[in-house]
A.B. asks: 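A single structure is presented below for examination.
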Amino acid sequence: MRSHLLNDTTAELYRSSVTEGVERVAAQLATTTRPFTGVTPDALAPAIDAVDLDAPLHDTIAVLDELQDVYLRDAVYFHHPRYLAHLNCPVVIPAVLGEAILSAVNSSLDTWDQSAGGTLIERKLVDWTAARIGLGPTADGVFTSGGSQSNLQALLMARQEAKTDSLDRLRVFASEAAHFSVQKSASLLGLPPQAVVPIPVDRTKRMQTLALAAEMERCRKDGLVPMAVVATAGTTDFGSIDPLPEIAALCDRYGTWMHVDAAYGCGLLVSPKHRDRLDGIERADSVTVDYHKSFFQPVSSSAVLVRDRATLRHATYHAEYLNPRRTVAERIPNQVDKSLQTTRRFDALKLWMTLRVMGADGIGSLFDEVCDLARRGWELLAADPRFDVVVEPQLSTLVYRYVPAAVTDPAEIDRANLYARKALFASGDAVVAGTKVGDRQYLKFTLLNPETTLDDLTAVLDLIAGHAEQYLGDTLDRAS
Ligand SMILES: *Cc1c(COP(=O)(O)O)cnc(C)c1O
């Protein structure tokens, strides 16, 4: 069994095993004609149930053959141009290479004595990101597992910086379109259920700053403490970007922590064409970025950045075995002092490889391409009488629904759209998402693949219309 340990004596097995795995994935990518096979949980479960984990095959090739049946064949493939559903990007090869290296070396970024250079590379990428945001000379941050964790850590710092000991009096303002992790974080941080005050959005799904001003004023008058405003730079559903300069001004006025959730919109930080859409982000106290959404990085790759590095002390705890107090005096760079995690992956290496091979403009141009595609897709939808499209995209999502001329019952239209999404998923021809606008059921394209063309969008819309018509035809048949 020792022959499976990766070390100086097993280089050949390492090389051949990993190469064989890479070959399987490459072959799968080369022959995948649809983003999904349409397999159901019931159809797939028996193959996985049948595997006896206590009866190993002792043979890598046999295990890869088995993996074909239990995973590779039926996985959902984000690289396919007709995968249009969630905030999953196709990944760039330099990052995948970084992934292979980081898991083989297996550095852990909690302490210098478990990573050495990895620590400095992560720090340099944090500084690079903070400079792109414009956070100034005292900025810092740390890589996290994702936007949810970044938001949690940002709100932890905001809570600790708030001028009260009474959790019940704290209020967090976020738009109705903000990510649910804001609510979840508030709850984890011990805030009362009413702590997160939803602020209405305008027609373009951006936070209404007049309403925010009114709520913050009311909060102050009621003797409550405005702990934080969460501005979203790229809402998950609409890609809408809250008015950052106006929100920053209100945060200044009330002495409130400004957090910008740019989990999705962070791609604009490297955009050669649209960086101005993030103007005002440089005034934030903290920022969430998900490189695994708009920097074409594999999951996970995310960071939380702060304007004032001293605020990261709220995540600092010392343990004799790991990062004793004296290491601070000795100026040993232990990233665990800034993180909610202890053992932590060297995800930063993926971004490092990407920037060194492709450069920031290379990534930003890919993101610009999908933003431009979304704009053209919007024109397509707006001109198509079969569809109702919600807002002009500020990033790369399109929210729309099929509206048959002959049907007036909105609930029936809801059902037709739900059916169309499910039928499309079951066919595997394309994958789209769904969401509600008001009470109504809508469909969503999240465009993150520069390989997706306008023709793909046209074809998928035709498929959706076909499935919806099929549903409506069937229900008519049943009624008559
Ligand atoms: C996706 C998303 C998150 C959560 O990020 P994860 O990486 O999935 O944890 C938070 N905020 C916004 C706006 C998002 O789109």
Side-chain angles (χ1 to χ4, degrees), residues 76 78 83-89 91 95 129 133 141-156 158 172-189 196 198-199 201 204-207 228-244 247 258-269 277-278 281 284 286-305 339-341 344-345 347-348 350-351 367 370-371 374 391 393-399 433-436 444-448:
V76 176
F78 302 153
Y83 177 83
L84 308 167
H86 301 290
L87 278 163
N88 309 108
C89 50
V91 293
T129 307
I133 297 170
V142 70
F143 273 63
T144 69
S145 61
S148 304
Q149 193 191 24
S150 296
N151 285 346
L152 172 62
Q153 184 166 355
L155 289 175
L156 166 71
V172 174
F173 305 88
S175 94
E176 301 168 323
H179 194 260
F180 71 90
S181 56
V182 174
Q183 191 75 53
K184 206 188 228 182
S185 300
S187 163
L188 287 169
L189 291 168
V196 179
I199 307 296
V201 291
T204 62
K205 307 296 176 188
R206 307 165 79 213
M207 187 192 284
V229 178
V230 177
T232 311
T235 57
T236 314
D237 268 348
F238 303 99
S240 47
I241 300 170
D242 288 339
L244 303 177
I247 291 171
M258 176 178 177
H259 176 61
V260 177
D261 179 357
Y264 174 15
C266 59
L268 294 180
L269 292 172
R277 292 181 190 174
L278 287 181
I281 194 171
S286 57
V287 178
T288 288
V289 295
D290 261 1
Y291 309 104
H292 63 216
K293 283 181 179 163
S294 48
F295 275 67
F296 305 94
Q297 299 294 295
V299 178
S300 333
S301 183
S302 178
V304 62
L305 293 310
S339 175
L340 300 186
Q341 294 167 262
R344 191 163 53 81
R345 291 163 53 84
D347 286 317
K350 296 179 280 191
L351 182 60
F367 191 58
V370 295
C371 292
V391 281
Q394 293 160 51
L395 291 175
S396 65
T397 53
L398 293 166
V399 179
T435 192
K436 287 237 169 126
K444 178 166 80 159
F445 288 158
T446 306
L447 305 177
L448 282 178

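Order of listing sets the numbers, starting from 1, for every ligand and every atom in it. Side-chain atoms are counted along with the backbone in the values below, which use heavy atoms only and exclude waters and symmetry mates. Since the model is a prediction, treat every value here as computed from it, not as a measurement.
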A.B. asks: Establish, from distance only, whether the side-chain atoms of S181 and N151 form a donor-acceptor pair under 3.5 Å.
C.D. replies: yes
A.B. asks: Any idea which atoms of ligand 1 are less than 4.0 Å away from a heavy-atom of G147?
C.D. replies: 4 (C), 5 (O), 6 (P), 7 (O), 9 (O)
A.B. asks: Do the ring planes of F367 and Y264 sit parallel (below 30°), tilted (30 to 60°) or perpendicular (above 60°)?
C.D. replies: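 F367 vs Y264 ring planes: perpendicular.
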A.B. asks: Mind checking whether N151 contacts ligand 1 via backbone (N, CA, C, O), side chain (CB onward), both or neither, at a 4.0 Å heavy-atom cut-off?
C.D. replies: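 Contact part for N151 vs ligand 1: side chain (C-beta onward).
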A.B. asks: At under 4.0 Å between heavy atoms, is it the side chain or the backbone of S148 that contacts ligand 1, or both, or neither?
C.D. replies: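 Near ligand 1, S148 shows its backbone as well as its side chain.
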A.B. asks: Go through the side-chain N and O atoms of T204 and S240 and say whether any donor and acceptor fall under 3.5 Å apart.
C.D. replies: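 No, no side-chain donor-acceptor pair sits under 3.5 Å.
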A.B. asks: Test your reading of the structure: does S181 have an N or O sitting under 3.5 Å from an N or O of ligand 1?
C.D. replies: no
A.B. asks: Does any donor atom in the side chain of D290 or S302 lie under 3.5 Å from an acceptor atom in the other side chain?
C.D. replies: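 D290 vs S302: donor-acceptor pair found between side chains.
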A.B. asks: Rounded to the nearest 0.5 Å, how far apart are CD of Q183 and CG of L155?
C.D. replies: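 Separation between the atoms: 11.0 Å.
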A.B. asks: Heavy-atom contact check, 4.0 Å cutoff: does G234 meet ligand 1?
C.D. replies: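 Under 4.0 Å: yes for G234.
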A.B. asks: Please confirm whether D290 comes within less than 3.5 Å of ligand 1 when only nitrogen or oxygen atoms on both sides are compared.
C.D. replies: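 D290 vs ligand 1: N/O contact under 3.5 Å present.
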A.B. asks: Is it the side chain, the backbone, both or neither of L87 that has a heavy atom closer than 4.0 Å to ligand 1?
C.D. replies: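 Side chain only; the backbone of L87 stays clear of ligand 1.
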A.B. asks: When the ring planes of Y291 and F295 are compared, do they come out parallel, tilted or perpendicular, using 30° and 60° as the limits?
C.D. replies: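 If you compare the ring of Y291 with that of F295, the planes turn out perpendicular.
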A.B. asks: Going through the distances and angles, do H259 and T288 end up as a side chain to side chain donor-acceptor pair (under 3.5 Å)?
C.D. replies: CA-CA 8 Å; H259 176 61; T288 288; 3.1 Å; yes
A.B. asks: Using side chain to side chain donor-acceptor pair (under 3.5 Å), reason through T144 and S150 one step at a time and then give a plain yes or no.
C.D. replies: CA-CA 6 Å; T144 69; S150 296; 2.7 Å; yes
A.B. asks: Using a 4.0 Å heavy-atom cut-off, which part of K293 comes near ligand 1: side chain, backbone, both, or neither?
C.D. replies: side chain
A.B. asks: Hey, looking at atom 13 (C) of ligand 1, which of D261, V182, L152 has the closest heavy atom?
C.D. replies: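 Going through D261, V182, L152 one by one, D261 has the nearest heavy atom to atom 13 (C) of ligand 1.
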A.B. asks: Near T236, which atoms of ligand 1 are under 4.0 Å from a heavy atom of that residue?
C.D. replies: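 Those qualifying, in numeric order: 12 (C), 13 (C), 14 (C), 15 (O).
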A.B. asks: Would you say A263 has any N or O atom under 3.5 Å from an N or O of ligand 1, going by distance alone?
C.D. replies: no
A.B. asks: As an exercise, identify every atom of ligand 1 less than 4.0 angstrom from a heavy atom of H292.
C.D. replies: 7 (O)
